[in-house]
Amino acid sequence: MIILRGYGRAKRGQVARALEFIREATAHLQETVRIYEPFVGDNDTVCFEIEFDNLDRYEKWNSENVENPDAQAALQGWFEVTTGFHNELWKKVN
C-alpha cells in the first residue's frame, strides 16, 4: 500500500477554506482519504492522506491529474488559500 501524505500551510484565517478545498478535490476518489486539521501544534497546517493499493495506481492517478486541465485550474484555488504544499509518498509496512 502506498500513502500519499500532503501538507499545506493555510494563509491566516483560511484553514476552513483549505480543508473544504481538500474535501471537494478528493470527494470523487474511490481510495481511502483522510483529512486532518490542526489540533495541537502549528495551527495553520492542514494535512491529507490518500491510500493507493500500489504504486501503479498512484502513478495512474498522478498522471491523470497532471494532464487534466480542470485539475490544474482547481490547483489555482488551492494557492488562493494557502502558501503552498508539499507531498510525501509512504510505503505501508504493516
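This structure is a prediction, so every number in the text was calculated from the model and none was measured. Basis for what follows: all heavy atoms, side chains included, without hydrogens, waters or symmetry-related copies. Heads up: numbering here begins at 1 and tracks the sequence.
Connection of F79 to V81 is not established within any shared hydrophobic cluster, with ILVMFWY side chains joined at heavy-atom distances below 4.5 Å, either directly or through further cluster members. Clustering ILVMFWY residues whenever any of their side-chain heavy atoms sit less than 4.5 angstrom apart, transitively, puts L29 in the very cluster that holds I22. With hydrophobic clusters built from ILVMFWY side chains whose heavy atoms lie under 4.5 angstrom apart, I35 shares a cluster with L89.
Annotation for V46 and A18: closest pair CG2-CB, 4.2 Å, computed over non-hydrogen atoms. Between I2 and N54, the closest heavy-atom pair is CG1-C, 3.7 Å. Shown here for G84 and W78, the closest heavy-atom pair between the two residues is O-NE1, 3.6 Å.
Contact check for M1 versus F52: no side-chain heavy atoms found under the 4.5 Å cut-off. In this structure, Y58 and K60 have side chains that are not in contact, with every pair of non-hydrogen atoms separated by 4.5 Å or more. Taking the side chain as every heavy atom from C-beta outward, N43 and V15 never approach each other to under 4.5 Å.
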Apply side chain to side chain contact (heavy atoms under 4.5 Å, CB included) to the pair T82 and R9, showing each step before the final yes or no. CA-CA 5 Å; T82 70; R9 179 163 316 267; 5.8 Å; no
Check the pair T32 / I50 against side chain to side chain contact (heavy atoms under 4.5 Å, CB included), numbers first and verdict last. CA-CA 6 Å; T32 298; I50 306 172; over 6 Å; no
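Remark: N87 pairs with L4, F48, F85 by the side chain to side chain contact (heavy atoms under 4.5 Å, CB included) rule, at least two apart or across chains.
Going from atom SG of C47 over to atom CZ of R34 covers 10.5 Å, rounded to the nearest 0.5 Å. Here the CG-CD distance, from D53 to Q30, works out to 10.5 Å after rounding to the nearest 0.5 Å. Atom CD of E64 sits about 12.0 Å away from atom CD of E59, to the nearest 0.5 Å.
Applying the salt bridge (charged side-chain N to carboxylate O under 4.0 Å, His left out) test to pairs two or more places apart or on separate chains, none has a residue in residues 79-94. The salt bridge (charged side-chain N to carboxylate O under 4.0 Å, His left out) contacts involving residues 17-30 comprise E20-R23, where partners must be two or more places apart or lie in separate chains.
Among V33, I3, T26, the single residue meeting the side-chain contact (heavy atoms from CB on, under 4.5 Å) criterion with E49 is I3.
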